Amino acid sequence: MATPASILVLEHELLKYRRAFRGTLVSSFLNPVLYLAAMGVGLGGYVAAGKGGAAASAALLGGVSYLAFLAPGLLASTAMQTAAGESTFPIMGGILWDRTFLGMLATPIGVVDILVGKLLYIGLRLTLVTCIFFGVMIVFGAATGPQAFLAVPAAILTGLAFATPIIGFSASQKDPSGFNSLFRFGVIPLFLFSGTFFPVSQLPGFLQPVAFVTPLWHGVDLCRTLALGTATPVGVLVHVTYLVGVAALGLVVASIALRRRLRQ
Amino acid sequence: MADPSTPPLIRARALTKLFGAFTAVDAIDFDVAPGESFGFLGPNGAGKTSTMRMIACVSPVSGGELSVLGMDPRTDGPRIRARLGVVPQQDTLDQELTVSENLAIYGRYFDLPRRVIRQRVAELLDFVQLSERARDQVEPLSGGMKRRLTIARSLINEPDLLLLDEPTTGLDPQARHLLWDRLYRLKQKGVTLVLTTHYMDEAEQLCDRLVVMDKAKIVAQGSPRQLIEQHSSREVLEMRFPVGVQETLGGLLEGLGDRVERLPDRVLVYAADGDAAATAAHERGLRPEMSLVRRSSLEDVFLRLTGHSLVD
């Protein structure tokens, strides 16, 4: 029986990833350790001792410690960053640098197979990164309750909602200078202001609606409510629908952009 | 050679490629027969690569008809590509993988079983003389080695038709001859080769039949021998004069041989007997710095047909 073409593309990605595997394993582990130690424990202690004391900050954060508040938000943000990294330079490389996509297209592999294969690979990378992150959360005592692991698939979904539109963006770029703007004006502001580090209610009133339309806020809130056990069926439905919608729309955009670029 | 009883592997009628308002390929007709070695000769920008990309089913046909291996690239792209080998103009090797990994993963794209791949990788590395580099990264290989690896890769699916776009451009003479030798062996085995080149010596070495392309059109076709017989004289007298002298010669060159071509750096006299033309030139008092008689080549055919040389 014939192997699906996208699985063959995934095989290629995994063959390459074998070399980088160890390095990414270490950074996937160190990244949450450093963030949760510095911001969750260090800054968190300071937050608890701040104006109004522990009770006031806990009220603002929904009755939990800053560490417990922060960790699931960071989980979602990490998924976004991993997805953004895998959807920018490696895509441009396949088109422009070592042009491996052009090599694949000389075989029975098609443009959509390349896209789906890449997304399968990104999905696996996200699974690895988020599972390690979750392991670190457990060690830090930031995963409360047996339902907390649900934040892992939520974070993977968040990552994929970024991967597809960013692949579309990358496929339309002539050189990597656009990636600087993407990270400077997209990824980093989202990371800082989408509720990862403080509740969106702390933002000036006019900025709050902006936060609500960003996919990362939906990812952060989904991960956080699932991790803390405060999720409501309606909330989960809204977030999941939104993220799936963005991922699906991105998939359409990405396939059009890749086809336009590769099939001239 | 072309056998009229077998259907062509490639058949193009009024084949056209447009990029917006630009016509890259302008209604060309050609057939490629099984087992034939067929070339597109022409300068950069003549439309050779666009034609190859349409044959390879990676670039949609804008107009006209094209059939490859009896199928339509519009609807049967993956089935056609399964039986093609492609050597693109620019390498598309995965720089992060080793030499043998590049071949193996390519074999997987044709969904070949791993057992078959293992055997073919060994054979192909031997064929292109890269067995010793099997476990090395691709990145530090020389240009010639990368081209050989790309050729090996294009053979992993034992293609019925091998497409080579400028296979030796940018290589040093030794690397080119090694590559030509490998391609010649494939030709001997009966693999149908279609190649583009702007090197006339490459076309003469490898092609049974070729078309000359210029400005998106086919301007002539035939075997290298036929093209030379039809469009050029048997011999050519080349003369180079001291700087500034060529412009002052005026009518002194007229009537030497069948035809005289003035290039910026030299004068070409087309004649059945080059030595006789050289003697006649001497009798007229012409004293070139350099003078030589050679046989006509495809370069002369190209110059005659298009009024400009292959490599500007």
Side-chain angles (χ1 to χ4, degrees), chain A residues 1-24 85-86 89-118 120-121 125 171 174 255-256 258-264, chain B residues 17-20 24 49-50 52-60 62 73 76-98 100-114 137-139 146 149-150 153-154 156-157 159 162-163 165:
Chain A
M1 205 189 80
T3 317
S6 52
I7 298 295
L8 299 174
V9 176
L10 174 64
E11 251 181 59
H12 187 166
E13 291 298 326
L14 292 178
L15 188 63
K16 279 206 276 201
Y17 184 56
R18 229 167 38 171
R19 289 208 167 71
F21 178 67
R22 251 182 237 200
T24 62
E86 293 290 349
F89 293 93
I91 298 297
M92 182 159 281
I95 298 170
L96 269 188
W97 297 326
D98 54 16
R99 295 178 295 272
T100 47
F101 293 174
L102 301 179
M104 295 178 196
L105 290 176
T107 73
I109 304 288
V111 172
V112 171
D113 302 321
I114 295 178
L115 177 59
V116 174
K118 273 279 180 188
L120 289 172
Y121 166 71
R125 283 277 290 127
K174 296 272 173 255
S255 66
I256 292 171
L258 274 175
R259 193 179 295 276
R260 190 171 294 167
R261 192 67 183 273
L262 295 168
R263 286 258 193 250
Q264 295 163 359
Chain B
K17 180 71 198 182
L18 306 171
F19 293 105
T49 296
S50 295
M52 286 294 248
R53 287 171 49 83
M54 288 191 281
I55 298 170
C57 310
V58 289
S59 171
S62 307
D76 294 315
R79 279 177 61 209
I80 296 172
R81 293 199 303 268
R83 292 169 56 194
L84 296 184
V86 177
V87 177
Q89 197 167 352
Q90 288 179 300
D91 289 325
T92 59
L93 299 166
D94 192 323
Q95 311 275 348
E96 291 174 49
L97 298 182
T98 66
S100 62
E101 283 172 338
N102 260 285
L103 293 181
I105 196 66
Y106 219 67
R108 291 295 294 146
Y109 283 139
F110 291 95
D111 208 15
L112 301 173
R114 285 169 212 283
Q137 293 288 118
V138 164
E139 207 266 321
K146 284 183 188 168
L149 177 56
T150 299
R153 192 180 72 164
S154 73
I156 195 92
N157 59 328
L162 185 60
L163 305 176
D165 195 1

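Remember, it's a predicted structure, so these values are computed and weren't measured experimentally. Within every chain, numbering begins at 1; the chains are lettered A, B, ... in the order of the sequence lines, protein sequences first and strands thereafter. As a basis for the values below, the full set of heavy atoms in this structure was taken, side chains included, without hydrogen atoms, waters or symmetry mates.
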Quiz item: If you take all heavy atoms of D111(B) and A2(A), which pair is closest and at what distance?
Solution: OD2-CA, 3.1 Å

Practice problem: Using the side-chain contact (heavy atoms from CB on, under 4.5 Å) rule, pick out the option among T107(A), L105(A), T3(A), D113(A) that qualifies with Y109(B). | Solution: T107(A)

Exercise. State, with a plain yes or no, whether a side-chain heavy atom of H12(A) is found less than 4.5 Å away from one of L97(B).
Key: yes

Quiz item: Heavy-atom distance under 4.5 Å to chain A: side chain of V58(B), backbone, both or neither?
Solution: both

Quiz prompt | Contact leader toward chain A among S59(B), P88(B), A104(B), where contacts are heavy-atom pairs under 4.5 Å | solution = S59(B)

Quiz item: Can any side-chain N or O of R263(A) pair as donor or acceptor with the backbone N or O of P60(B) at less than 3.5 Å?
Solution: no

Quiz item: Tell me, do K16(A) and I105(B) make a side-chain contact under 4.5 Å, heavy atoms counted?
Solution: no

Quiz item: Quick one: are T98(B) and R19(A) in side-chain contact, heavy atoms under 4.5 Å?
Solution: yes

Self-check item: Check: Y106(B) side chain, G103(A) main-chain N or O, donor-acceptor pair, under 3.5 Å
Solution: yes

Quiz item: Rounded to the nearest 0.5 Å, what separation is found between the CD atom of E13(A) and the CD atom of E96(B)?
Solution: 8.5 Å

Quiz prompt | Heavy-atom pair count under 4.5 Å with chain A, highest-scoring of V138(B), N157(B), D91(B), L84(B) | solution = D91(B)

Quiz item: Between R83(B) and chain A, which part of the residue has a heavy atom less than 4.5 Å away: side chain, backbone, both or neither?
Solution: neither

Quiz item: A5(A) versus chain B, heavy atoms under 4.5 Å apart: side chain, backbone, both or neither?
Solution: neither

Quiz item: Is chain B contacted by the side chain of V111(A), its backbone, both, or neither, given a heavy-atom distance below 4.5 Å?
Solution: neither

Quiz item: Most heavy-atom pairs under 4.5 angstrom with chain A, which of R53(B), Q90(B), Q95(B)?
Solution: Q90(B)

